[in-house]
Amino acid sequence: MIAKRTPDPRLVFDPAGLGLSEAERSFYRRATAAVARDLIGAYLARRWRGRWYAARIVETEAYLGAGDAAAHSFRGRRTARVEPMYAEGGHLYVYFVYGMHTCANIVTARAGRPEAVLLRAAEGPPDAPRLLSGPGKLCAAFGITVADSGRDLVGGHRIALFRWRGRRPRLGVGPRIGVDYAGEAAAWPLRFFDLDSAAVSRRSSAP
DNA sequence: GACCAGATGTACT
DNA sequence: GTACATCTGGTCT
C-alpha cells in the first residue's frame, strides 16, 4: 500500500513568515514529558514543491522508552521499525498501525534513549476544523508516511518544527489514549493538550 | 458513552 | 503461522 504523500492544500501556511523560529537540537534533547508539553502551540511544518504547509499542534503524548510498557521500545525492544526512536532527539519516528493508519512521533532525549512524543492532533483550517483531530488524520493531511521515519527535523528542509514564543496555551494533562494494555503505565499523566482547541479528542483530565 | 468492524504490517512463536 | 496494534468512523443506547 502506498500512502499519499501530498499535503492537504488547505494547510498552506509559512510559519517562518510569522517570525516563528525553528526548534533547535537542544529543545528535543530535554526530558520527554517537557518536550511533549512545550510542543503544544508549536507549528509542525512541511515543505512540499516550494510551499510550506503547517499547523499548530494542540495534543501530544510522551512515550518514555524502555521502562514504559506503552512504548514501542519497551524493555529495549530494537527492531527495524523502532530504530529511529534510538536516534538523537529531533528525528521523526513514523509507523503504520491498525492496517490503515500512520502515526508520527518526534524523538526526544539523547541518542540511545528510545523516547518520543506522539503528535495526536493539530488545529485544522477554519473550513475543516477536524482535519487534524487525530494522529492518523494528522499524518494523512500532511502526507507524512513511513518513508519519513528517521528523518531529521533539525535543519530539515522538508519537515520542520517552529516554536511559538507568544502567550502559552491553557494546558490540560491526562492519561494517554489507546494504551490500556500497558498496565499501570496506561494511567501515567503523559498526554498534554490545549484546553481551548476544538481539535482535541478528549478533554477530560481524569483517567 | 459503549461497542464494533475494518485492513495489514510487525513482532514473536 | 498467529496475535495484535500510540486509530477512525459508524452505529446503538
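Each chain gets a letter, A, B and so on, in the order its sequence line appears, and its residues count up from 1.
Remark: P of dA2(B) and CD1 of Ile177(A) are 13 Å apart, rounded to the nearest angstrom. Across the protein-nucleic acid pair, Asp180(A) atom CG and dA5(C) atom P stand 10 Å apart, rounded to whole Å. Rounded to an integer number of Å, the gap from Met100(A) CE to dG6(B) P is 9 Å. We find that CZ of Arg130(A) is positioned 14 Å from C1' of dC7(C), with the value rounded to whole Å. In this entry the distance linking CG of Leu119(A) with C1' of dC7(C) reads 15 Å, nearest Å. Note: OH (Tyr98(A)) to P (dC4(C)) measures 12 Å, nearest angstrom. Protein atom CG of Asn105(A) is 13 Å distant from nucleotide atom C1' of dC7(C), rounded to whole Å. In this structure, Glu83(A) places its CD atom 14 Å from P of dT10(B), rounding to the nearest Å.
For the OP1/OP2 pair of dC12(B) and a distance below 4.0 Å, the side-chain nitrogens and oxygens of Arg77(A) include at least one atom meeting the criterion. In terms of phosphate contacts, Arg81(A) brings no side-chain nitrogen or oxygen within less than 4.0 Å of OP1 or OP2 of dG9(B).
Side-chain N or O atoms of Arg77(A) include none that pairs as donor or acceptor with a backbone N or O of Phe74(A) at under 3.5 Å. Under a 3.5 Å cut-off, the side chain of Glu22(A) and the backbone N or O of Ala160(A) do not form any donor-acceptor pair.
Nearest to the side chain of Tyr181(A), among dA5(C), dC7(C), dT10(B), sits dA5(C). Out of dA11(B), dG9(B), dA7(B), the shortest distance to the side chain of Phe96(A) is found at dG9(B).
The residue from Asn105(A), Ile40(A), Asp38(A) that alone fulfils the side chain to side chain contact (heavy atoms under 4.5 Å, CB included) condition with Thr60(A) is Ile40(A).
At a cut-off of 3.5 Å, with distance as the only test, a side-chain donor of Ser21(A) or Arg165(A) sits close to an acceptor on the other residue. Glu59(A) and Ser197(A) share no side-chain donor-acceptor pair at under 3.5 Å.
Across the strands present, dC3(B) finds its partner in dG10(C); the criterion is a Watson-Crick or G-U wobble pair with both atom distances under 3.5 angstrom.
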Task: Trp52(A) vs Phe162(A), ring-ring contact (aromatic ring centres under 6.0 Å, His included): CA-CA, chis, key distance, verdict - done: CA-CA 12 Å; Trp52(A) 280 103; Phe162(A) 291 82; 5.7 Å; yes
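Within 4.0 Å (heavy atoms only), Arg120(A) reaches sugar-phosphate atoms of the nucleic acid but no base atom. Tyr63(A) comes within contact range of at least one nucleobase, with a heavy-atom separation under 4.0 Å. Here Ala182(A) lies out of heavy-atom contact (under 4.0 Å) with every strand.
Sorted by residue number, the members of residues 134-145 of chain A with any non-hydrogen atom under 4.0 Å from DNA chain C read Gly134(A), Pro135(A), Gly136(A), Lys137(A).
When each of His101(A) and Val146(A) is assigned the nucleotide of DNA chain B bearing its nearest heavy atom, the one mapping closer to the 5' terminus is His101(A).
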Could you pull out the protein-nucleic contacts involving nucleotides 11-13 of chain C (nitrogen or oxygen on both sides, under 3.5 Å)?
none

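Side-chain contact between Leu119(A) and Ile106(A) is present, with heavy atoms from C-beta onward closer than 4.5 Å.
Arg30(A) CZ: more than 12 foreign heavy atoms inside a 6.0 Å radius.
Note: the hydrophobic cluster containing Leu118(A) does not contain Val58(A) (ILVMFWY, side chain heavy atoms under 4.5 Å, direct or indirect links).
Figure legend: Arg176(A) and Tyr63(A) shown as a cation-pi pair, the cationic atom lying under 6.0 angstrom from the six-membered ring centre and within 45 degrees of its axis.
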